[in-house]
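Remarks on the structure that follows.
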Amino acid sequence: MTIQAASNSTERSVLASLRALIPHRTVTSQSEALRVAEHQATRLLELHRIDDGPIPTELIPGLPKIEIELVDAPISGASFWNGNAWIIELNKHENYRRQRFTLAHEYKHIVDHNRADTLYLGTRDATPQQQAEQAADYFAGCLLVPKKLLKRAYYSGIQRTRDLADLFQVSEAAMAVRLRQTGIIEPASRCTPASTPFSRTWQYRFNRTARPQGV
C-alpha cells in the first residue's frame with residue numbers, strides 16, 4: 001500500500017469511525033445529539049492515542065483530504081468540499097486559540113455531512129441549523145477540553161479559569177462554558193442568554209492549502 005493509499009485509508013477510517021457513532025435513526029432530542037458529539041470527540045482522541053493536554057489540533061489538518069486555508073473573512077470559519085478535499089477556512093485575523101476552536105467546530109460539520117438531517121430536527125426554540133452549530137461548539141469543547149483531563153487538572157489544584165484556559169489553549173470564555181458543561185461549577189442561571197460565547201454566524205458550503213497560525 002502506498003503512503004497516499006494508506007493516508008486515504010486512515011482518513012476513511014477516522015471519518016467512518018466517527019460517523020458510525022451516529023444512530024441509524026432519527027435523533028429526536030438535542031441532548032442525544034450532544035452525547036453523540038461527545039462520543040465522537042472522545043473517539044477521535046482515542047484514535048490518535050491522546051490522553052494529555054493541550055490537545056494538538058494538528059490531528060485535524062494532518063488527516064488526508066483535509067486542507068486549511070487562512071482567509072480574510074467576516075466570519076470565524078467555514079467548511080466545504082471542493083471536489084477533491086474538504087476545505088476548512090479560518091479567519092486569519094483571529095487569535096490562535098480562537099482558530100483552534102473554529103477548526104474543531106468545522107470538522108464536526110464535516111463529520112455530520114449527509115447526516116445532519118437526522119441529527120438535528122429543530123425545536124420550537126431552535127432551528128436545525130442552530131442545533132447543528134450548538135453541537136459543533138459542543139464537539140469542539142469536548143475535543144479541546146476533555147472532561148477527564150479537565151477534572152484531573154481542576155482537582156489537582158489548577159482552578160482559576162484563566163490558568164485552565166492557558167493549560168488547554170482555549171479562550172477563557174470557552175473554558176468557563178466547559179466548566180459548567182462538565183458540572184465542575186454551577187450551571188448558568190435561567191436568566192443567562194441561550195447563546196454561548198461561541199455563537200456566531202457560520203458557513204457550511206461546497207466549492208484549497210494553508211495552516212492556521214501555530215496549528
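No hydrogens, no waters, no symmetry mates; every other heavy atom, side chains included, goes into these values.
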Going only through I, L, V, M, F, W and Y residues with side-chain contacts under 4.5 Å, is there a path from Phe139 to Leu45?
yes
Going through the distances and angles, do His113 and Arg19 end up as a side chain to side chain contact (heavy atoms under 4.5 Å, CB included)?
CA-CA 9 Å; His113 180 63; Arg19 287 171 174 165; 3.8 Å; yes
Which word best sums up how the rings of His105 and His109 line up, parallel for under 30°, tilted for 30 to 60°, or perpendicular for over 60°?
perpendicular
Closest non-hydrogen atoms of Gln131 and Thr123, given as atom of the first, atom of the second and distance, are NE2-CG2, 3.3 Å
Run Ile60 and Ile88 through side chain to side chain contact (heavy atoms under 4.5 Å, CB included) and show every step you take.
CA-CA 10 Å; Ile60 296 175; Ile88 297 178; 4.3 Å; yes
Can you see which heavy atom on Phe168 is nearest to which on Leu144, and at what distance?
CD2-O, 3.5 Å
When you group the ILVMFWY residues by side-chain heavy-atom contacts below 4.5 Å and let the links chain together, are Leu15 and Ile68 in the same group?
yes
Path from Leu34 to Ile22 over hydrophobic side-chain contacts below 4.5 Å:
no
Between Arg25 and Glu32, does any side-chain N to carboxylate O distance fall below 4.0 Å?
yes
Nearest heavy-atom neighbours spanning Met175 and Val145
CE-CG1, 3.8 Å
Does the pair Arg162/Asp166 count as a salt bridge with the N-to-O cut at 4.0 Å?
no
Would you kindly check if the NZ (Lys) or CZ (Arg) of Arg35 is within the cone defined by 45 degrees around the ring axis of Tyr138 and under 6.0 Å from the six-membered ring centre?
no
Check whether the side chains of Arg98 and Ser76 place a donor and an acceptor atom closer than 3.5 Å, and report yes or no.
yes
Report yes or no: do Arg97 and Ser171 form a side-chain donor-acceptor pair below 3.5 Å?
no
Assigning hydrophobic clusters by single linkage (Ile, Leu, Val, Met, Phe, Trp, Tyr; side-chain heavy-atom cutoff under 4.5 Å), is Val14 placed with Trp81?
yes
What closest approach, in Å, do Ile55 and Leu59 show between heavy atoms, and which atom pair accounts for it?
CG2-CD2, 4.2 Å
Would you please say whether a donor-acceptor pair under 3.5 Å links the side chains of Gln181 and Arg178?
yes
Can you give me the closest heavy-atom contact between Tyr107 and Ile66, atom names plus distance?
CE1-CD1, 4.0 Å
